[in-house]
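Just below is one structure, and these are the notes that go with it.
Along the sequence shown, residues are numbered consecutively beginning with 1.
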Amino acid sequence: MSSPHGTGASVTAHHWGWRHAGRAAWAVRDLDLRIEPGERVMLLGPSGAGKSTLLHGIAGLLGGAEEGEQAGTLRVDGAPPTEQRHRIGMVLQDPDAQVILSHVGDDVAFGMENLGVARDEIWPRVRTALDAVGLNLALSQSTSELSGGQKQRLALAGVIAMDPGLILLDEPTANLDPAGVLEVRDTVAASAARSGATLIVIEHRTEVWMPVVDRVVVLGADGQVIADGPSDATIRRHHDYLVRSGVWVPDTPLPAITRRRPVPSETLLHAADLALAHPGDPPMHIGLNFEIAAGRTTVITGPNGAGKSTLALTLGGLLPAPAGRLEAGPDFAPSPARRNPVKWRSKELLTRIGSVFQDPEHQFLTATVRNELALGLKAIKRPAAEIKARTDELLERLRLAHLAAVNPYTLSGGEKRRLSVATMLATAPKVIILDEPTFGQDRRTWEELTRLLAEIADGGTAVVAATHDLDFADLLADARIMLPDWETPGETTP
């Protein structure tokens, strides 16, 4: 089909549905949808509504019968998506899943090489794409050293360099700092305008993409289209439903969260002239000084690549500091001789410091959601009745009860994040460290998670969160550790 806008692809779904293997419920069911070449569409709906499943279907990434069951038809330019992959570029919700090669330049070039782009065209397009997404890195830079936000930019650069007819974005700015969000959005819009590509984007926070999309499609809890039309008019017409469904509607105030904020009773962790680094890398942020106190929420902020995740891993006892000291309080440490958390055994960490990684899948170890929640409790030999009661409580609290028997790897991004938080809470550690805890959450689950962490902090637990979510930080932060760049020492403010 030729496009009036240039090279844009069309998308057509007729009674289309998908059910993941092992699940009784359909992720998407009886979906009817047509997207014209060159349109810019935003998909909205609650966490778990099937938005990512639909995008994976359009991209031809759902797999065969062993992965699940498909119904109806789904077409890109009139053909099955698997036959049109050369026309499709997608940025996944998990940027780690899209990093293929070990160097930045090679990773961006990979898609073009598969499309048979002439070699003398590839490298100028690689540099142009990296510049467009604000990733000022050497082409030889190791991709394993990039932060989550940098990997998200890298994946987008690879898509832009391919110049596809259909751009699919699954929460493409979720791991980016506020300036990076606008930079990436504008880059995508400019790329689509230049090439005439069709754009479909999933985003919980509608205000980011509203200025550059012309159509909104809202999916209900069962994956069916419940609203579809021009962006501004559709948001206004269905405002109340969207808010109830968890969509972040512009100009809707944040929830009021009342904190007791008890007086800190104990210093659990103390950093003195601390430096950060991954093994083999040069130190950064030399001279960090701060305390993590019981009953307080500390928020770690800073731009992409500043070291927020590195600090979170260091505080969690999972990464040694190249310089300075990190010590636990004398009553918190397993023994006076072992006050540095990096020297603690796994079982000692379980009941003292719980960590939630930026990528939830990195901490999943079992085949069901229930077993994942029970794993830590079994490791510290809690009675069976206590394990069941605790897992039941967390399943209900974090809206995962209906998924208890499901494989964790088949959950939506938001569901995976809630499960990773629940597994850490199961053993009731005195310090909990979370890397981007609100990633992938709709407004409803964001509020529930934020209230849960506030309640935990008010109960005497120390909560530490590395985040780009300024709304989350403004509601919960008792103290902030700001990591502005690699050269400037961090600063803690009350």
Side-chain angles (χ1 to χ4, degrees), residues 1-3 5-11 37-38 40 55-61 76-77 79-173 175-176 180 183-201 304:
M1 175 181 290
S2 63
S3 167
H5 303 272
T7 61
S10 66
V11 177
R40 301 178 183 181
L55 230 60
H56 279 74
I58 295 171
L61 299 177
V76 174
D77 280 345
T82 52
E83 298 177 10
Q84 298 283 23
R85 285 179 179 154
H86 63 287
R87 295 273 284 145
I88 303 168
M90 181 171 180
V91 176
L92 301 170
Q93 195 174 62
D94 174 13
D96 272 327
Q98 239 170 306
V99 176
I100 299 170
L101 299 178
S102 58
H103 295 101
V104 164
D106 293 338
D107 199 78
V108 177
F110 180 77
M112 289 185 287
E113 290 171 342
N114 282 330
L115 294 177
V117 175
R119 185 171 181 80
D120 61 352
E121 290 184 34
I122 288 178
W123 293 103
R125 283 166 66 170
V126 167
R127 189 69 264 173
T128 298
L130 288 169
D131 291 343
V133 300
L135 202 55
N136 185 25
L137 298 173
L139 300 184
S140 59
Q141 172 80 35
S142 171
T143 53
S144 66
E145 298 172 354
L146 303 184
S147 70
Q150 289 172 322
K151 288 176 181 176
Q152 214 157 19
R153 290 174 185 253
L154 179 67
L156 183 60
V159 167
I160 289 174
M162 289 168 58
D163 203 19
L166 177 59
I167 301 173
L168 305 175
L169 306 177
D170 195 349
E171 298 196 54
T173 61
N175 280 323
L176 300 182
E183 183 177 21
V184 163
R185 180 204 65 189
D186 292 343
T187 297
V188 170
S191 178
R194 174 185 54 78
S195 68
T198 305
L199 170 65
I200 307 176
V201 58
N304 292 122

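- Under the side-chain contact (heavy atoms from CB on, under 4.5 Å) criterion, A138 pairs with S140, not counting sequence neighbours.
- Between G8 and P37, the closest heavy-atom pair is O-CB, 3.3 Å.
- In terms of heavy atoms, V159 sits closest to P164 at O-CD, 3.2 Å.
- With R153 contributing its side chain and V184 its backbone, the two residues share no donor-acceptor pair below 3.5 Å.
- The shortest side-chain heavy-atom distance between L61 and H56 falls under the 4.5 Å cut-off.
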Under 3.5 Å, which donor-acceptor pairs do the side chains of residues 99-116 form with other protein atoms, sequence neighbours left out?
unit_1, atom_1, unit_2, atom_2, d
D107, OD1, I100, N, 2.7
D107, OD1, L101, N, 2.9

Could you please spell out the steps behind the side-chain contact (heavy atoms from CB on, under 4.5 Å) verdict for L176 and E183? CA-CA 10 Å; L176 300 182; E183 183 177 21; over 6 Å; no

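- Within the 4.5 Å cutoff, the side chain of Q150 has heavy atoms near those of the L135 side chain.
- The CG atom of L154 lies 8.5 Å from the CG atom of L137; values are rounded to the nearest 0.5 Å.
- Put simply, CD1 on I167 and CD1 on I88 are 12.0 Å apart, with the number rounded to the nearest 0.5 Å.
- Rounding to the nearest 0.5 angstrom, the gap separating the CD1 atom in I122 from the CZ atom in R127 is 15.5 Å.
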For L168 and I200, what are the C-alpha separation, side-chain angles and deciding distance, and is it a side-chain contact (heavy atoms from CB on, under 4.5 Å)? CA-CA 5 Å; L168 305 175; I200 307 176; 3.8 Å; yes

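- Under the 4.5 Å side-chain criterion, counting only non-hydrogen atoms from C-beta, P81 is not in contact with I58.
- At least one donor-acceptor pair closer than 3.5 Å links the side chain of Q84 to the backbone N or O of V76.
- For the atom pair L169 CG and R185 CZ, the distance stands at 13.0 Å (nearest 0.5 Å).
- More than 12 heavy atoms of other residues, nucleotides or ligands lie within 6.0 Å of CG in D120, so this atom counts as buried by the packing criterion.
- Not a single donor-acceptor pair under 3.5 Å links the side chain of R40 to the backbone N or O of L199.
- Counting heavy atoms from C-beta on, the side chains of V201 and V188 never come closer than 4.5 Å.
- Side-chain contact between L166 and D77: absent, with no pair of heavy atoms (C-beta onward) separated by less than 4.5 Å.
- Once rounded to the nearest 0.5 Å, the distance linking CG of N136 with CD of Q141 reads 10.5 Å.
- A donor-acceptor pair under 3.5 Å is formed between the side chain of T198 and the backbone N or O of A9.
- Shortest non-hydrogen contact noted between H86 and E83 is CE1-O, 3.6 Å.
- Between the side chain of T187 and the backbone N or O of A132 there is at least one donor-acceptor pair closer than 3.5 Å.
- In terms of the side-chain contact (heavy atoms from CB on, under 4.5 Å) criterion, residue partners of S142 (sequence neighbours excluded) are, by chain and number, S144, E145.
- The distance from atom CG of L130 to atom CZ of R125, rounded to the nearest 0.5 Å, is 13.0 Å.
- Within the 3.5 Å criterion, the main-chain N or O of N304 finds no donor-acceptor partner in the side chain of S147.
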